[in-house]
Undergrad: 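Sharing a structure, written as structure tokens. Questions coming.
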Amino acid sequence: MSQPSNSAIPRVRFAPSPTGFLHVGSARTFIFNWLYSRRNHGTMILRLDDTDVERNTDASVQSIFEGLKWLGLGWDEEYKQSERLELHRKIAWSIFNKGLAYRDFTPAHTSDSEKSGPTKFDPKDLRVDTFISPGSVAVRITHLPSGTVVVSKDEKSESKNREQALLMLREQLNEGGRGTWLFNPGMPELSREESDRRAAAGEPFALRFRVPRSTVVRFTDAVYGEQMKAGADIEDFALLRSDGMPTYHLASCADDADLRISHIIRGQDHLTNTFKHVLIFGAAGYAPPQFAHLPLLVAPDGTKLSKRRHGPVVSVTTYRDAGFLPQAFINFLCLLGWSPKDDRTKMSQEELINAFSLEGINRANAVVNFKEIAPGDGFREKVAVAAGIPWPPEETFDPKAVWLNAEHIRGLAIEGLSERLLPIVREQFPNATPEKMLRVTPLIRERIKLLRDVLTAADFFFLDQLPPYAPAELIPQKGDAAMALKVLQKAQELLPNVEFKHDPLDYALRAAAQELGVKAGQMFQPIRVAVCGRKNAPPLFETLEVLGKETTLRRLGLAVEKMGQVASR
RNA sequence: GGCGCUAUCGUCUAGGGGUUAGGACGGAAGAUUCUCAAUCUUCAAACCCGGGUUCGAUUCCCGGUAGCGCUACCA
């Protein structure tokens, strides 16, 4: 029997199953594993848990790699479960040979509870009614052939109620509501001879773990502490499916044992599964590794994150595409369910590594505080995208994530930020040069929260022609059209002779304001609008300096024209 | 239904038998400023409920409630 490699270097793994895109919860699990391995000079392993052939997709594998690549954290070893099936089977049969597992010839349930609904019932046999109940939508299902009626109204959502109702119906219909399922009758007791005979005859079977009913299974979780569960409460779970494929539990444990994983850091949804895993490790002759379960990430409504219900905010690539810095995203995720126990929030990768410990992990679920995009908002999306408005809107992200991102952006050197901004700008303005970008960046660094904001914050630097704006925009505070015109004309008159540098511009325009008898702000505002096309923009002199004399004068001319038309009316 | 886990401002959290229960985001107000940001200052905002233990519980114990998870030949 091997020992958990406490003394050796820690080995941790991230083991996603490629059944969907990489979502934020998985990303956080990856990050915590990574931090633990780096903190303790251990090994980070990526293992694709792809034993569910039915649901695995290449697209999902792509999405996971894409997301992980963006995070930029990396790993040391990589495995695919589907390439290690022999190992899994070998371990399963070794457990069988010790008498700790048995063949179950009961036909498989026909996929009981798929998301789309029950397949066990013929839809024609069911009448489903919904009605409003306090806080949610209640569901009543009538099973026509038997006349059985069930109502679920206590769940939070219609879908949950529907699920619950189906469950209740099934229980009422199945031999008058049996208790908790532990094993299929007759199967654990099958003699070895009969079992072998039926198997040899080609009868399909699943291999099930023989859970010892009289024992108590224990383990110590690094986050949740001492855990114990009576064997009488653990069902005889499957190890091998009737097609010979290993189940998740078996494959996962077999690989964790074989890969000498020392610490399993994963979502809390596996906490109760861990009792089964401890059983498998023991039966296979291995000491179980150290477990550490992470609190779940949930949506503002308390339910677990799902793309269907909560939209694109649960997918890692959405954050990437909206212009989050990976470092900021990582920082944000770390603060969900973990705390450095001091008052730091903005943390660099180094700081995170140094501060990370399993002790800092919290036990309660953490809400990702995004605003839901209602599923029916496909229309809104289309409108927004067509109008060039960024999608999804900023409010759909957790405000703390956005703030943290702005904070990391501000912490970036001009050169570094400029390099990240340029490709985004170039998508819309192919002519943008690195030199220009470098000059624009300092003017917007404090003004953008997401990288994509560069497009709205700095558009006028790259645009040939300003989008149309209302002439009234040109009128300064406590001023009128005449004042705007006066100011613009004055600027037009003196700017050709001014050097386009901050100080000379400052001096010249302030002097002009005094000369005209207007306040500095009243002088600057019309010029700003003339040149930027809007009131809110970076400081004027720096902006003019970057824009250059030619563009400035051209835009001033256009503004004078515009103002002139208004004034003459 | 069974089993398990959890419960501090709206959100993320610190704390812990005696505290004005701390920080951050978000919100409000103000300062600064050529606008917008950034920055700074200030304010509002929380210990789920009920018992017990105790001189004293938000903190420890029990119960309740609520939420979540697992209860598949999914992972």
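Proteins get letters first, then strands, A, B, ... in listed order; numbering begins at 1 in each.
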Undergrad: What interatomic distance, in whole Å, is found between C1' of B:U59 and the corresponding atom of B:A7?
TA: 13 Å
Undergrad: Taking atom P in both B:U33 and B:C12, compute the distance separating them and give it to the nearest angstrom.
TA: 39 Å
Undergrad: Are A:D342 and A:R344 ion-paired here, with the side-chain N under 4.0 Å from a carboxylate O?
TA: yes
Undergrad: When we call it a touch if two heavy atoms are under 4.0 Å apart, what does A:T106 touch: a base, just sugar-phosphate, or nothing?
TA: base
Undergrad: Taking the side chain as C-beta and beyond, is there a heavy-atom pair between A:I361 and A:Y224 under 4.5 Å?
TA: no
Undergrad: Taking the C1' atom in each of B:U65 and B:G26, what is the distance between them to the nearest angstrom?
TA: 29 Å
Undergrad: Between A:D459 and A:R534, is there a side-chain N and carboxylate O pair less than 4.0 Å apart?
TA: yes
Undergrad: Do any side-chain nitrogens or oxygens of A:T303 fall under 4.0 Å of OP1 or OP2 in B:G67?
TA: no
Undergrad: In whole Å, measure the gap between the P atoms of B:U32 and B:C9 for me.
TA: 37 Å
Undergrad: Hey, does the side-chain of A:R363 have a donor or acceptor N/O within less than 3.5 Å of a partner on the base of B:C5?
TA: no
Undergrad: Should A:N362 be listed as having a side-chain N or O under 4.0 Å from OP1 or OP2 of B:A14?
TA: yes
Undergrad: Taking only Lys NZ, Arg NE, NH1 and NH2, and the carboxylate oxygens of Asp or Glu, determine whether A:E395 and A:K371 approach each other closer than 4.0 Å.
TA: no
Undergrad: Counting just side-chain N and O atoms, does A:R208 come under 4.0 Å of either OP1 or OP2 of B:C73?
TA: yes
Undergrad: Are the charged groups of A:D236 and A:R213 less than 4.0 angstrom apart, N to O?
TA: yes
Undergrad: Any heavy-atom pair between the side chains of A:N405 and A:K449 that's under 4.5 Å?
TA: no
Undergrad: Strictly below 4.0 Å, N to O, side chains only: are A:E235 and A:R208 in salt-bridge contact?
TA: no
Undergrad: So what does A:G337 touch, heavy atoms closer than 4.0 Å: a base, only the sugar-phosphate, or nothing?
TA: sugar-phosphate
Undergrad: What is the distance from CD of A:E235 to C1' of B:U71, rounded to the nearest Å?
TA: 6 Å
Undergrad: Work out how far the P atom of B:G64 is from that of B:C3, and round it to whole angstrom.
TA: 12 Å
Undergrad: Any salt bridge between A:K490 and A:E515, counting N to O under 4.0 Å?
TA: yes
Undergrad: Using only modelled atom types and a 3.5 angstrom limit, is any donor from either the side chain of A:K341 or the base of B:A14 paired with an acceptor on the other?
TA: no
Undergrad: Given B:G23, B:C3, B:C74, which nucleotide is nearest the side-chain atoms of A:D233?
TA: B:C3
Undergrad: So what's B:U20 paired with, Watson-Crick or G-U wobble, going by both distances under 3.5 Å?
TA: none
Undergrad: Roughly how far apart, to the nearest Å, are B:U11 and B:G30 at atom C1'?
TA: 25 Å
Undergrad: Between A:F96 and A:L240, is any pair of side-chain heavy atoms under 4.5 Å apart?
TA: no
Undergrad: What is the nucleic acid contact for A:N273, judged by heavy atoms within less than 4.0 Å: base, sugar-phosphate only, or nothing?
TA: base
Undergrad: To the nearest angstrom, how far is A:N365 atom CG from B:U11 atom P?
TA: 13 Å
Undergrad: Could a donor-acceptor pair under 3.5 angstrom be found where the side chain of A:S242 meets the base of B:C73?
TA: yes
Undergrad: Identify the nucleotide, in any strand shown, that forms a Watson-Crick or G-U wobble pair with B:C34, with both distances under 3.5 Å; if there is none, say none.
TA: none
Undergrad: Using a heavy-atom cut-off of 4.0 Å across all strands, would you classify A:D342 as base, sugar-phosphate, or nothing?
TA: nothing
Undergrad: Examine A:F324 together with A:F397 and report whether their ring centres are nearer than 6.0 Å.
TA: yes
Undergrad: Can you tell me how far P of B:A72 sits from CG of A:D269, to the nearest Å?
TA: 16 Å
Undergrad: Name the closest nucleotide to the A:H249 side chain, picking from B:A75, B:C73, B:C5.
TA: B:A75
Undergrad: Assess, by modelled atom type and distance only, whether the side chains of A:Q81 and A:R84 contain a donor and an acceptor separated by less than 3.5 Å.
TA: no
Undergrad: Base, sugar-phosphate, or nothing: which does A:K346 touch, judged by heavy atoms less than 4.0 Å apart?
TA: nothing
Undergrad: When you match A:K400 and A:Q268 each to their closest nucleotide on RNA chain B, which lands nearer the 5' end?
TA: A:Q268
Undergrad: Can you tell me the base-pairing partner of B:U53? Count Watson-Crick or G-U wobble geometry only, both distances below 3.5 Å, and say none if there is no partner.
TA: none
Undergrad: Residues of residues 213-230 of chain A with any non-hydrogen atom less than 4.0 angstrom from an atom of RNA chain B: list those, numerically ordered, please.
TA: A:Y224, A:Q227, A:K229
Undergrad: What nucleotide among B:A75, B:G10, B:C70 has an atom nearest to a side-chain atom of A:T272?
TA: B:C70
Undergrad: What interatomic distance, in whole Å, is found between C1' of B:C60 and the corresponding atom of B:G1?
TA: 32 Å
Undergrad: To the nearest 0.5 Å, what is the distance between OG1 (A:T106) and CE (A:M187)?
TA: 4.0 Å
Undergrad: Could you write out each protein N or O paired with an N or O of nucleotides 42-48 of chain B at a distance under 3.5 Å?
TA:
none

Undergrad: Would you call A:K304-A:D269 a salt bridge at under 4.0 Å N-O?
TA: no
Undergrad: For atom C1', what is the distance between B:A21 and B:G15, given to the nearest Å?
TA: 8 Å
Undergrad: Any strand counts, and the cut-off is 3.5 Å on both contacts for Watson-Crick or G-U wobble. Which nucleotide pairs with B:A66?
TA: B:U6
Undergrad: Sugar-phosphate atoms are those with a prime plus P, OP1 and OP2; base atoms are the rest. Using that split, label each nucleotide of nucleotides 30-39 of chain B B, S or - for protein heavy atoms under 4.0 Å, 5' to 3'.
TA: ----BBBBSS
Undergrad: Does a sphere of radius 6.0 Å around NZ in A:K307 hold more than 12 heavy atoms from other residues, nucleotides or ligands, not counting ones at 6.0 Å or beyond?
TA: yes
Undergrad: What's the CD-P distance between A:E395 and B:U11, to the nearest Å?
TA: 20 Å
